[in-house]
Enquirer: 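My questions all concern the structure below.
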There are 2 protein chains.
Amino acid sequence: MPHEVEHRSLSQYLEENNLKHTKQREAILSAFLEASGHITSEEIHSRVRAEHPNIGYTTVYRTMKLLCDAGLASERHFEDGVTRYEIAHEHHDHLVCLRCGKIIEFECAMIEKTQLEIADRYRFRVLRHRHELYGHCDACAAAPT
Amino acid sequence: MPHEVEHRSLSQYLEENNLKHTKQREAILSAFLEASGHITSEEIHSRVRAEHPNIGYTTVYRTMKLLCDAGLASERHFEDGVTRYEIAHEHHDHLVCLRCGKIIEFECAMIEKTQLEIADRYRFRVLRHRHELYGHCDACAAAPT
DNA sequence: AGTGAAAATGAAAGTCATTTTCATTAAAGC
DNA sequence: GCTTTAATGAAAATGACTTTCATTTTCACT
């Protein structure tokens with residue numbers, strides 16, 4: 001049974017909040033984890049439907065929100081207006097290829113530190129941030145237009 | 001006549017592209033410039049209508065796109081799903097207050113340089129980026145919840 | 001196993017920012 | 001002034017997401 005830790009984590013969240021344990025939630029969590037990140041609701045929906053043909057979009061949207069609340073997923077908004085979900089883990093930022101859509105994660109302590117210093121100058125309390133570099137990945141830059 | 005430079009710049013762009021010089025475009029450019037930045041289409045629309053009551057949303061949207069193409073404005077997408085336009089000028093990043101919506105601009109050569117080094121490591125060509133810090137401004141952090 | 005209250009589901013309708021369509025109007029070159 | 005071509009604006013369409021609501025499930029308690 002893959003992703004057992006995450007499924008247990010979902011169960012615990014559901015119990016703690018008096019929510020119910022349903023096969024839809026299980027299925028959506030599995031589909032999301034199998035896709036390993038940066039996936040849209042639509043993609044999750046079509047993956048889940050392969051196994052459970054009558055799960056609707058509504059349930060996918062609702063469940064992904066729940067997984068975010070449970071700390072298992074997190075929402076990302078890149079520049080195409082579609083919400084993507086990634087597996088929750090340590091903070092990081094992104095390189096996004098404008099041609100093939102590939103998303104590379106990066107992190108840089110130096111930048112994190114510098115941005116807090118900047119915020120300080122404006123007496124601004126940073127709660128979260130986004131830092132995205134858009135351009136072309138190696139393969140796409142090499143490929144003909 | 002305020003913002004004469006920008007109006008001339010619009011005229012030039014229209015001529016170069018065989019587009020027409022209309023009072024709506026003039027009015028929208030004026031309204032946009034008077035607001036001095038980070039304004040939504042809706043705000044522009046309501047400002048313009050004060051003077052020209054029958055300019056529609058459609059024209060505002062179309063004209064703002066044109067102003068972006070003409071290099072006079074640029075689009076920004078923060079986290080509320082509404083497109084904002086700012087007066088085009090040197091690249092910079094933003095601090096966004098989650099309570100009052102205040103937007104502070106900043107720039108940091110050090111961060112810019114560091115992010116290019118990171119991209120290099122992934123052989124990624126950066127075309128543009130966004131870097132936004134979300135949190136509370138001084139006034140809002142001090143105010144009661 | 002049976003019951004019932006509370007929560008979950010899903011289909012359909014609703015939002016909301018933005019875009020498209022299309023019939024009408026207005027610039028600008030002759 | 002005419003004519004071509006672009007611009008306008010009202011209304012309909014789009015698309016991602018949310019809400020509604022009647023129905024179904026879960027689960028704590030018999």
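Quick caveat, the model's predicted, so the values are computed rather than measured. A, B, ... follow the sequence lines: proteins, then strands. Residue 1 opens every chain.
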Enquirer: With a 4.0 Å cut-off on N to O distance, would you call A/R84 and A/E42 a salt bridge?
Expert: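 Not counted as a salt bridge, because no side-chain N and carboxylate O are separated by less than 4.0 Å.
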Enquirer: Which heavy atom in B/T114 sits nearest to a heavy atom in A/C108, and how many Å separate them?
Expert: CG2-SG, 3.7 Å
Enquirer: Within the 4.0 Å limit for protein heavy atoms, which parts of nucleotides 15-20 of chain D are touched? Write it as a string from 5' to 3', B for base, S for sugar-phosphate only, - for none.
Expert: -SBBBB
Enquirer: Could you check, using the six-membered ring where one of them is a Trp, whether A/H129 and A/H91 have ring centers closer than 6.0 angstrom?
Expert: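 Aromatic pair counts; centres sit under 6.0 Å.
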Enquirer: Are a donor atom and an acceptor atom from the side chains of A/H7 and A/S30 found within less than 3.5 Å of each other?
Expert: yes
Enquirer: Find the distance B/M64:CE to D/dT8:P and express it as a whole number of Å.
Expert: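 Result: 14 Å.
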Enquirer: Just how far, in rounded Å, is P of C/dA8 from CG of A/D69?
Expert: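 Distance check: A/D69 CG to C/dA8 P gives 12 Å.
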Enquirer: Could you tell me whether the phosphate oxygens of D/dG9, OP1 or OP2, come under 4.0 Å of any side-chain nitrogen or oxygen in B/T59?
Expert: yes
Enquirer: Check this for me, if you would: do A/E117 and A/K113 make a salt bridge, where the nitrogen-to-carboxylate-oxygen distance has to be below 4.0 angstrom?
Expert: yes
Enquirer: What integer distance in Å separates A/R49:CZ from C/dT9:P?
Expert: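 Those two atoms, CZ and P, are 14 Å apart.
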Enquirer: Can you tell me the distance, in whole Å, between the CD1 atom of A/I55 and the P atom of C/dA11?
Expert: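 Distance, rounded to whole Å: 11 Å.
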Enquirer: Taking C-beta and beyond as the side chain, do B/R76 and B/F78 meet within less than 4.5 Å on heavy atoms?
Expert: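 In contact.
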Enquirer: With no hydrogens and no angle check, do the side chains of A/H94 and A/E132 hold a donor and an acceptor under 3.5 Å apart?
Expert: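 There is no such pair (donor and acceptor under 3.5 Å, judged by atom type) between the side chains of A/H94 and A/E132.
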Enquirer: Is the number of heavy atoms from other residues, nucleotides or ligands within 6.0 Å of CZ (A/R99) greater than 12?
Expert: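 Atom CZ in A/R99 is packed in, count exceeds 12.
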Enquirer: Quick check on contacts: within residues 7-31 of chain B, what sits under 4.0 Å from DNA chain C by heavy-atom distance?
Expert: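 Close to the strand are B/K20, B/H21, B/K23.
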